[in-house]
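Following: one structure in structure tokens, then a few remarks.
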Amino acid sequence: MSKLIVGNWKLNPESASEAEALASAVDRRGTVVCPPFLYLATLKKALKRAKLGSQDAFWLNSGAYTGEVSPSQLKSLGVKYVIVGHSERRRFLLESDEMINRKVEAVLHLKLNAILCIGEDLETHGRGGGAALAYIKEQLRRDLDNIDVKYLKNLIVAYEPVWAISTFQTGLRDTPENAQKTIEQIKDFLAKRYRLSQSVVLYGGSVNAANASGYLSQASIDGVLVGAASLKPNEFNKIGI
Ligand code: PEP
């Protein structure tokens, strides 16, 4: 199976014309591009090969929810993948596992691919002795709570240790071997608890052109979720090649 490369543009770029130019420069098969909501319609026109993704979705499809964007609106725009539960939303927008659970369910019910982000923080990581794995399993239990297993075939999990995100300056990142081990354990958990024998799990955390092949060559890592490097065509276009 070819590996999936997902670009998360976060709160970038500044204008629709820059978004259009960036989309054309990174447009290739096997990738998903997730711009801010504002540029989805622009990218729908600009992308010929890459699939369109969004960085979030609300948990209901309509109603009095000012400022929200629904899974059904995203679907009608041509979005195929929705990132849910990114650690920046958990941290800065105080998204709880309960909210994330509702979002994952709403996305999966529309047969969109949900990219559920999970991962331990630095403090938990530092505790060692299985603390990180226990934390991740608890996130999965809560975020997938009561979702009928028949919907889970469109679930993609992104293992993103929070302490390794946006750490290009410090160089703090998980090793490919360690990420492989954790992802193996995530897959094992998904198989046992949800009977998902073929789950798709990505790695994310300061992936760039120089280190991507280390992660992508690991047997259990099905792809990468890329933040900062997805804004640089000369970096992003080398990932997975
Ligand atoms: C992300 O946005 O999910 C991410 C992993 O960011 P970065 O690659 O910049 O660490």
Side-chain angles (χ1 to χ4, degrees), residues 3-14 19 22-23 26 30-40 43 50-57 79 81-93 95 100 103-104 107 113-122 124-125 132 135-136 139-140 143 155-176 178-180 182-183 186 200-216 218 221-241:
K3 306 230 169 178
L4 185 66
I5 316 297
V6 183
N8 173 18
W9 287 4
K10 310 195 188 202
L11 190 50
N12 302 287
E14 193 62 33
L22 181 55
V26 297
T31 66
V32 179
V33 182
C34 305
F37 289 136
L38 198 59
Y39 306 139
L40 284 170
L43 262 66
K51 298 270 190 265
L52 192 59
S54 76
Q55 299 174 18
D56 185 36
V79 165
Y81 293 78
V82 181
I83 297 174
V84 181
H86 193 282
S87 62
E88 287 152 12
R89 297 195 62 83
R90 292 179 191 257
R91 179 175 171 206
F92 299 116
L93 284 302
E95 281 196 8
I100 291 161
K103 290 181 176 202
V104 174
V107 167
N113 298 290
I115 303 177
L116 169 63
C117 299
I118 53 164
E120 79 284 2
D121 55 29
L122 187 58
T124 307
H125 178 70
Y135 185 99
I136 291 165
Q139 272 186 326
L140 283 172
D143 297 348
L155 173 75
I156 297 170
V157 170
Y159 170 56
E160 299 208 299
V162 176
W163 51 272
I165 297 180
S166 302
T167 50
F168 289 102
Q169 273 86 6
T170 59
L172 200 60
R173 63 177 64 105
D174 211 356
T175 63
N178 203 46
Q180 155 72 19
T182 308
I183 287 177
I186 290 171
V200 176
V201 184
L202 315 179
Y203 172 75
S206 302
V207 173
N208 61 18
N211 63 30
S213 61
Y215 297 101
L216 291 170
Q218 303 294 325
I221 301 183
D222 300 310
V224 284
L225 178 50
V226 183
S230 71
L231 297 166
K232 300 178 188 148
N234 62 338
E235 287 266 336
F236 192 67
N237 290 341
K238 287 185 193 135
I239 296 176
I241 298 293

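Order of listing sets the numbers, starting from 1, for every ligand and every atom in it.
Side-chain polar atoms of Q55 and W9 form no donor-acceptor pair below 3.5 angstrom.
With sequence neighbours excluded, no residue forms a side-chain contact (heavy atoms from CB on, under 4.5 Å) with S213. Among residues two or more places apart in sequence or in another chain, the side chain to side chain donor-acceptor pair (under 3.5 Å) test is passed with N237 by none.
Atoms of ligand 1 lying under 4.0 Å from any heavy atom of H86, numbered from 1 in the order shown and given with element: 1 (C), 2 (O), 3 (O). For ligand 1 and K10, the ligand atoms under 4.0 Å from any heavy atom of the residue are 1 (C), 2 (O), 4 (C), 6 (O), 9 (O). Listed by number with element, the atoms of ligand 1 under 4.0 Å from a non-hydrogen atom of A228 are 7 (P), 8 (O), 9 (O). Contact atoms of ligand 1 toward L225: 3 (O), 5 (C) (distance under 4.0 Å to a heavy atom of the residue). Using a 4.0 Å cut-off to heavy atoms of I165, the atoms of ligand 1 that qualify are 4 (C), 6 (O), 10 (O).
With contacts defined as side-chain heavy-atom distances shorter than 4.5 Å, the pair D222/L4 does not qualify.
Residue-to-ligand polar distances place S206 within reach of ligand 1: an N/O pair is separated by less than 3.5 Å. In terms of N/O distances under 3.5 Å, ligand 1 is approached by G227.
Nearest residue to atom 10 (O) of ligand 1 from S166, G119, P161, C117 is S166 (criterion: closest heavy atom).
Salt bridge status for R90 with D121: absent, with no side-chain N to carboxylate O gap under 4.0 Å.
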Next item on the list: Could you check D56 against K103 for salt bridge (Lys or Arg N to Asp or Glu O under 4.0 Å), going step by step and ending with a plain yes or no?
Entry: CA-CA 8 Å; D56 185 36; K103 290 181 176 202; 2.9 Å; yes
